[in-house]
Every structure is written in structure tokens, then in C-alpha cells.
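For this chain, numbers begin at 1 and follow the sequence in order. Keep in mind the model is a prediction, meaning the values are calculated, not measured. Quick note: numbers below take in every heavy atom, side chains included, and nothing from hydrogens, waters or symmetry partners.
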Amino acid sequence: MPTTSGDLKRMEEDLREAAEIINGADSVLIVSHIDADGISAAAIADTTLDRMGIEHSVRFETKLTAQNIGEINSSEEDAVWVCDLGSGYLSEFRRGGMVVTDHHVPDPRWRRRQTTLEDFNQIVHINPHCYGMDGSYETCGAGMTYVLSKTLDDGNTDLAFLAIVGAVGDFQDSHSNGLVGFNREILKDAVIMGDVEIVEDLRMFGRDTRPVNTFLQYSTEPRIPGLSENPYGCEKFLDSLGVRKDDGRWPSWNGLEPGERDVVREAVLDRLSESDLEAALGEVYTLPRFPVGSGLRDAKEFATALNSCGRYDDAGTGLRICKGDADAKELAENNRANHRRNISTAMGFVRDNHLIRERRFIQYFDAGPNIKETVVGIVTGMVLNSDLVHRRIPTFGFAEAEDGLKVSRRTDKAMADRGLDLSVVMNTAANLVGGYGGGHSVAAGATIPPEKKKEFLDIVEDLVSSMVD
Ligand SMILES: [Mn+2]
């Protein structure tokens with residue numbers, strides 16, 4: 001369904017209404033998603049409010065839950081601006097002064113209620129689905145956040161590049177090997193501002209920071225015959241084309257001399273079939289204001305840096321990267337290194353203190369307060385893949401959490417393939433002891449009352465024994 005002028009008019013009306021809410025607020029709570037799109041969106045909203053001099057704070061969430069929806073409903077700020085989240089939960093919000101700029105599929109109940117009840121809540125919802133656009137590739141959460149920012153102040157077009165990072169982070173450029181639809185309008189703003197350059201090139205990942213040999217070696221979509229997953233083949237290939245190492249290291253794709261890059265590109269394309277050729281080529285987006293080799297000069301690499309922050313519970317540092325804090329990228333890398341250190345310390349703790357306990361059908365460790373609940377899942381996975389346990393037996397890790405005892409479970413994929421669905425086991429056992437759980441077939445977590453650990457394990461053992469043949 002193409003976007004009509006009526007759709008765009010409706011979007012403008014919604015944007016005006018949303019702008020009124022923000023303009024009328026003395027304080028705003030920004031709630032956003034922890035992925036690249038969400039972090040970019042938060043940076044746009046945050047910068048917009050900085051410039052308006054409106055008091056505000058930013059909260060990042062992995063998803064909306066009954067708990068954080070409750071907190072949004074009772075928050076004291078005059079307005080709440082939810083970015084890259086919220087559309088699926090519109091009917092759960094119970095407060096005035098709400099603006100949602102998102103691209104996920106809207107909550108169907110909300111529409112119904114909206115037409116039958118006038119008085120239930122006041123949300124201004126800005127979402128491509130409402131304007132005849134496809135939210136999976138025509139615009140993203142950061143894109144919707146950006147158009148509101150621009151409505152609030154025309155001068156905010158210098159934030160358009162962040163909406164491009166968000167779109168690329170959500171793989172919206174994959175649909176047509178480049179950004180299309182409403183994203184294209186935003187891209188125009190970013191290009192006019194000199195913040196983004198559109199480049200026609202190979203679309204493989206890592207143009208700016210990967211040495212060209214691994215840039216080629218890691219290409220999977222499409223696979224390059226003789227180069228993908230062939231380190232030796234890549235070296236030989238580059239050698240034969242006369243590309244030279246610099247100080248013992250291959251230059252990055254962008255670090256090649258332009259003429260040299262053309263030669264390598266042609267040689268790569270020669271190896272591809274017609275259809276793979278189409279998949280390999282397209283638009284990529286350079287952010288010329290960021291230094292070469294910074295990992296932020298290519299929009300896809302920028303988005304990857306943000307995703308990595310989000311994944312390690314460090315979205316705040318991602319926000320600083322978006323806002324141009326020169327030290328934030330390094331800080332993010334240090335945090336990542338710390339995180340890896342925490343994990344290896346935790347792993348050593350399990351090993352050195354002989355924490356593994358074996359039962360007939362399951363094995364587990366209880367780290368008490370000594371391993372953070374945020375990493376106990378990762379540690380449980382490493383334990384399963386270590387020599388500390390039997391690989392073929394489901395492994396559970398316990399760690400103290402604020403709201404109870406956190407349990408993580410990891411299973412060999414072969415077990416899951418044999419039909420041992422431990423997410424069901426976890427849910428059932430957690431519910432039976434008054435906790436709650438979730439997850440999928442190879443990995444899952446649950447939280448249970450601490451005094452119910454033994455009972456929980458007995459139930460799990462019982463269920464697992466009945467499932468394995
Ligand atoms: Mn998104």
C-alpha cells in the first residue's frame with residue numbers, strides 16, 4: 001500500500017500534536033530500546049530536549065514489561081517519549097502526555113479502543129504503519145523520532161545521520177541494497193548536512209576497520225568462491241592483485257588507494273554469478289565527520305558499535321558515542337574488556353571452588369552473590385562447553401538477583417534436537433515453585449524464590465528424566 005498525500009497529512013497532524021506535548025512539558029522521560037536503532041533514537045530525542053532546555057532523563061529497556069510499563073504510567077515527568085518501543089503496548093499505557101515514536105506493529109486493541117472510547121489515555125502514536133509505510137524497511141524507530149525532532153525544530157537536521165545509523169542497524173538497507181521509502185527522505189537531509197555520503201560499493205561488513213583480507217574472508221552474503229572462509233585464498237588473491245601490506249597488516253577496504261580498490265572490486269565481482277553480483281553491490285553510507293579507522297565512519301560499523309553497547313548493558317555509552325563524545329568509543333571497548341574479564345573471573349570462580357554438582361539427569365552450580373546475574377547465563381554456557389561438566393547433560397547456573405534466585409540453563413544443541421524442550425521444563429518448574437521463567441529451547445532463564453532451589457531442581461530432574469529416552 002503506497003503512502004498517499006492523506007497519509008502524510010495525517011502524519012503531520014500527529015507530529016504537530018506530539019510537538020505540542022513535548023513543548024508543553026517541563027520534564028520528559030525518554031524510554032528507548034537498547035539496540036542500535038533505539039540508542040540512535042534516544043540520542044536524537046535527548047539532543048532535541050537538550051537544545052530546548054527541557055529537563056529530561058533517558059532509560060534504556062530490552063523490552064517493555066508489566067513492570068516498566070507500570071513505572072512509565074506512574075512516572076512523575078510531565079511527558080514520556082517512548083522511542084523504538086511501545087507501539088505493541090499502546091493499550092497498556094495509562095497516563096497523559098505520552099508520545100510514542102516507533103515502527104513496530106501497533107497494538108490492535110488500541111485502535112479499537114481509540115474509536116470507541118475517547119477518554120482512556122492520551123497517546124500520540126507516530127508509526128510508519130499508520131501512514132501506509134512498511135515499518136520493516138521504509139523507516140525505523142530513530143527515523144520516526146527524527147521527524148518529530150525536526151518538527152520541534154527545523155535546525156535538527158544535523159541529527160538525520162543518526163536516523164540513518166538506526167535504519168542500517170535494523171537492516172532496513174537490506175531490503176533493496178540501499179535505503180528506500182521514507183528513509184530516503186531522511187537520507188537527503190543527512191546528505192545535505194554533509195553528515196552522510198552515499199557510496200556505491202561492495203556491501204560487505206567492515207569497510208572501515210577490517211583488514212581487507214578478513215573483509216573478503218568473512219563475506220557470506222554472498223559467498224565469494226575461493227575467498228569466503230578461505231584465509232589463504234584471500235592472501236593469495238590480494239597478493240596476485242599487487243595489494244601490499246602496510247607494516248605487516250593489510251589495509252582496510254577504505255584504506256586501499258581508490259584505483260587499487262577498483263581493481264580488487266572488479267576481481268571480486270568476476271568471481272560472482274549474476275544474482276550474487278546483485279546481492280554484493282549496492283549503497284553503503286559513509287559518515288565523513290568521523291575519523292578513518294574509528295569504527296564509526298561507516299554507518300553499518302557505527303550501528304554495530306551501538307549494538308555491542310546494548311548487548312553488554314552499556315547503552316548509555318552508546319548514547320555518548322552518538323552524541324559525539326570522542327572518548328566514548330574507547331570507553332565502550334574498555335567496558336567490553338571488563339565484561340570479558342568479569343566472565344573469565346566468574347568462570348574461574350566456578351572452577352576453583354568446585355561448584356559443579358551432579359545429579360542423575362542434570363548438573364548445576366550455585367554462585368550465590370559471587371557472579372552477577374547479568375552474566376550467569378553466559379557463564380553457564382561456558383561451563384557447559386568446558387571440561388567441568390558432561391556436555392550432554394543440561395546445565396543450570398544459579399546466582400542471587402534482586403528479585404530472587406536467577407537460574408540460567410544451557411543445553412547442548414543435540415539434546416534440543418532430540419526433542420528435549422527445556423524451556424517448557426524451566427517454565428513449568430519455575431511456576432510450580434512460585435517463580436517465573438522463559439526462553440527458547442537451548443537457552444533460558446527463570447527467577448525463583450531462593451528457598452525453593454532444592455524443590456525446583458527436584459521438579460526439573462523429574463521432568464527431564466521423563467523426557468529423555
Ligand atoms: Mn527498531
Contacts of F302 that satisfy ring pair (Phe, Tyr, Trp, His ring centres under 6.0 Å) - sequence neighbours left out: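 For F302 the ring pair (Phe, Tyr, Trp, His ring centres under 6.0 Å) partners, ignoring immediate neighbours, are F290.
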Can you tell whether the side chains of [X] and [Y] come within less than 4.0 Å, N to carboxylate O?
X    : Y    : result
D276 : R271 : no
E333 : R336 : no
D173 : R203 : yes
D327 : R320 : no
R59  : E61  : yes
R184 : D189 : no
D239 : K236 : no
R244 : E260 : no

Residue pairs involving residues 33-42 (criterion side-chain hydrogen bond (donor to acceptor under 3.5 Å, both in side chains); sequence neighbours excluded): H33-D35, H33-D84, D37-H103
Contact list for residues 206-220, test side-chain hydrogen bond (donor to acceptor under 3.5 Å, both in side chains), sequence neighbours left out: R207-T286, R207-D298, T209-E301
Between [X] (side chain) and [Y] (backbone), is there a donor-acceptor pair under 3.5 Å?
X    : Y    : answer
R265 : D201 : no
R261 : N254 : yes
K406 : E373 : yes
Q172 : C140 : yes
D102 : S87  : yes
N353 : L355 : no
S228 : I224 : yes
N183 : L179 : no
S294 : L296 : yes
N431 : T428 : no

For [range], which residue pairs pass the ring pair (Phe, Tyr, Trp, His ring centres under 6.0 Å) check, not counting sequence neighbours?
range            : value
residues 230-283 : F215-W253
residues 389-408 : Y364-F398
residues 309-343 : Y312-H339

Over all atoms of both residues, closest heavy-atom pair of A43 and K323: CB-CG, 4.4 Å
Heavy-atom closest pair, residues G166 and A142: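 Looking at all heavy atoms of both residues, the shortest contact is CA-CB, 4.2 Å.
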Residue from V31, L319, I30 passing side-chain contact (heavy atoms from CB on, under 4.5 Å) with F60: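 So, applying the side-chain contact (heavy atoms from CB on, under 4.5 Å) to F60 and each of V31, L319, I30, only L319 qualifies.
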CZ (F171) with more than 12 external heavy atoms under 6.0 Å: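 No, because the 6.0 Å sphere around CZ of F171 holds 12 heavy atoms or fewer from other groups.
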Heavy-atom side-chain contact between V100 and W81 under 4.5 Å: no
side-chain contact (heavy atoms from CB on, under 4.5 Å) assessment of I39 paired with S32: CA-CA 7 Å; I39 295 172; S32 195; over 6 Å; no
